[in-house]
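Notes for the one structure printed next.
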There are 2 protein chains.
Amino acid sequence: MRKRRPTIIDVADRAGVSKSTAARALAGGENILPETRGRVLTAAQAVGYEPNHLAVGMRSGRSGMLGLVIPDIANPFWAEVARGAQDRAAEVGVSLLVFSSDWDPQKEENHLRALRRARVDGAIVNPVSDTLDDLDRFGLPFVLIGSSAERFADVSSVGSNITQAVTLGLDHLVAKGHQAPVLIVGPKSRLARTRFLNAVNRHCIERDVDPAPLLIVDGEYTLEGGREAMLQVLDRPHFGHVCVFAANDMMAIGAMLAVRERGLSCPEDVSILGFDGIPSGAFTFPGLTTIAKPGRDIGARAVESLFDEIEGRPEHGRVYMPCRLIDRGSLADLSREPRQMVG
Amino acid sequence: MRKRRPTIIDVADRAGVSKSTAARALAGGENILPETRGRVLTAAQAVGYEPNHLAVGMRSGRSGMLGLVIPDIANPFWAEVARGAQDRAAEVGVSLLVFSSDWDPQKEENHLRALRRARVDGAIVNPVSDTLDDLDRFGLPFVLIGSSAERFADVSSVGSNITQAVTLGLDHLVAKGHQAPVLIVGPKSRLARTRFLNAVNRHCIERDVDPAPLLIVDGEYTLEGGREAMLQVLDRPHFGHVCVFAANDMMAIGAMLAVRERGLSCPEDVSILGFDGIPSGAFTFPGLTTIAKPGRDIGARAVESLFDEIEGRPEHGRVYMPCRLIDRGSLADLSREPRQMVG
DNA sequence: GTGAAAGCGCTAACAT
DNA sequence: ATGTTAGCGCTTTCAC
């Protein structure tokens, strides 16, 4: 039999005061004799008192918990988001309930319900379903995370700055002497694809380049999708060095495997630039040069936005966090060699 | 202004019954007229009633929440553990608070305290500190996870079956025509190293092989550690095919990079077997053949053991989950070729 | 079969 | 400055 946890009454009794005095002392507020407060603190220490968050939440209407619903906790990017959110939440003394929806709208809905029952003070969600049905009925302050947030107006959201990321990547390619990269992108149905291509177009126009001749190849956002797309590229007639910008690190790594499969080598024959910044990119050979999304910062920022939402402060609106380039070696440096072409 | 969440009283009023009747109906218990119960259920549906877990927890003394403290949520293995625990917990209708200690004992202690304050019903912990100081004062049912559990007696724990895993790996090596693999293991200070080597010795004895001549190389449990260890091996005089069994996938991948660095190739010149089953192992070239720890099962099983612990049922004691081999191509098949030796 | 009432641990309004 | 009291939402006796 486990013995009862000490309550504030135990503390009060031991200090020889009433429970409200004990509460005041513990809260560190005013109207308390320093000597009394000392006695209470000592008593609390002595009995090993820990405030009961359930009871506090009940009185205050604040559970001190936040929810985070992401599509896949085993995906390194989302794990980073979770860690960032976790740390930020811990700093302000609240707990984070992390749920992985595994891309299943049903599971997502269940998790949202669980959060509501747990009386979390708010939630951060990357919605997998295309409708906000669950969410507008959610009845809780919430913040959206990731690119899907674009679909919904009037909702605070935090994501990465695709425009800046693409600029970073394309400028780097140019600096290394590459031009007109082949774009390996996701399937037409995905919003992320559109955003990526839009960013590329915008950048080209800004740099006075015609985006039209850019070769665009579709694929699933997976290793296999990247592999197949790359094989397609390599099997087209072409000469010279091939440069590829993949919209996703998994595809980039798949592309790298395809290059090797065709007896070519990276970066000698083919240069590859990825996008995401997953740790696996460091384990390929050569290491994958990529644009890293700031997963941790996104998570941390989402918690901050959520707090503003909870406190009823003016909304942040959409926040886009800057990405950074990780140079690892999958890009050839052609800047001092004669120009090459992709055909 | 967000409007008040409906309580059981709202439901009772709408159904025209008292709150205790409403509670009974919702609980699905006995002593209730089917017709009344129907009315209550309808009313609950209509007002969008969601039980308040804080209040329930307060009355029942059960918060309906469990804690999970792991060293690194961004590590794929631990993420799998978290997912397994998460899923299992969701199945029985409890929430899981996941905390990442980032290998920091201080952070771990803070998380443990947060769990206690949140009044979780129990916790699953992979302790980073060598002492159980925090834990025996923890004052909550808990289950240990991972190999560090070995240090503590009288505590339920769940981990992977190293003995079975090593047997699996070594038998596979033999089947592929390899013998006397070089062992790349962790630093002497780590308990996991001892367990791994013990398992190898035990297996050799069982198969009537002398384990003494096995070459053992130390390194940190990291990519770099594996790389350095492998370079050491390759720089020793040797001939023929080299076979390596790394105690950890990160080291195995590091070893693979080292092989390429020396102008050799895997699996033609060097065969590599890993241990862990991290997803990155699929992205190397060749893919890493490895023994996968059942992270998800471990998480799920830990939740079950924790429940037993909470319910006061007879303890499980130590549970070791079986591992499985993932064959990807980093091992040469020498079984039909003449014998090779490692010197 | 149903309702009234107590109480879980805490905070805040009110009284002293 | 400190004590008393009510009540957050729920479950669980105990009456009827």
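For the numbers below, each heavy atom of this structure counts, side chains included, while hydrogens, waters and symmetry mates do not. Each chain gets a letter, A, B and so on, in the order its sequence line appears, and its residues count up from 1.
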For residues 20-29 of chain B, which residue pairs pass the side-chain hydrogen bond (donor to acceptor under 3.5 Å, both in side chains) check, not counting sequence neighbours? B:Ser18-B:Ser20, B:Ser18-B:Thr21
Set of residues satisfying salt bridge (Lys or Arg N to Asp or Glu O under 4.0 Å) with respect to [X], sequence neighbours excluded:
{"X": "B:Asp87", "value": "A:Lys107"}
{"X": "A:Asp297", "value": "none"}
{"X": "B:Arg14", "value": "none"}
{"X": "B:Arg37", "value": "none"}

With a cut-off of less than 4.0 Å, is there a side-chain N or O of B:Thr7 near OP1 or OP2 of D:dG9? no
Which ones in [range] lie close to DNA chain C, meaning a heavy atom under 4.0 Å from one of its atoms?
{"range": "residues 55-64 of chain B", "value": "B:Met58, B:Arg59"}
{"range": "residues 35-49 of chain A", "value": "A:Tyr49"}
{"range": "residues 20-27 of chain A", "value": "A:Ser20, A:Ala23"}

Could you go through the side-chain contact (heavy atoms from CB on, under 4.5 Å) check for A:Phe99 and A:Asn110 one step at a time? CA-CA 10 Å; A:Phe99 287 108; A:Asn110 291 344; over 6 Å; no
Tell me, please, which residues at least two apart from A:Arg88 pass side-chain hydrogen bond (donor to acceptor under 3.5 Å, both in side chains). A:Glu91, A:Glu304
The criterion is side-chain hydrogen bond (donor to acceptor under 3.5 Å, both in side chains); which residues satisfy it with A:Glu80, sequence neighbours excluded? A:Arg296
One would report the end-axis bend of the helix from C:dG1-D:dC16 to C:dT16-D:dA1, five pairs per end and rounded to 10 degrees, as 50°
Rounded to whole angstroms, how far apart are NZ on A:Lys19 and C1' on D:dG3? 11 Å
Any side-chain heavy-atom pair of B:Pro51 and B:Tyr49 under 4.5 Å: yes
Would you mind writing out the side-chain donor-acceptor pairs for residues 67-74 of chain A within the sub-3.5 Å range, not counting sequence neighbours?
from    : atom 1 : to      : atom 2 : distance (Å)
A:Asp72 : OD1    : A:Ala74 : N      : 2.9
A:Asp72 : OD1    : B:Arg83 : NH2    : 2.4

Between A:Gly16 and B:Asn52, which is nearer to the 5' end of DNA chain D once each is assigned its nearest nucleotide? A:Gly16
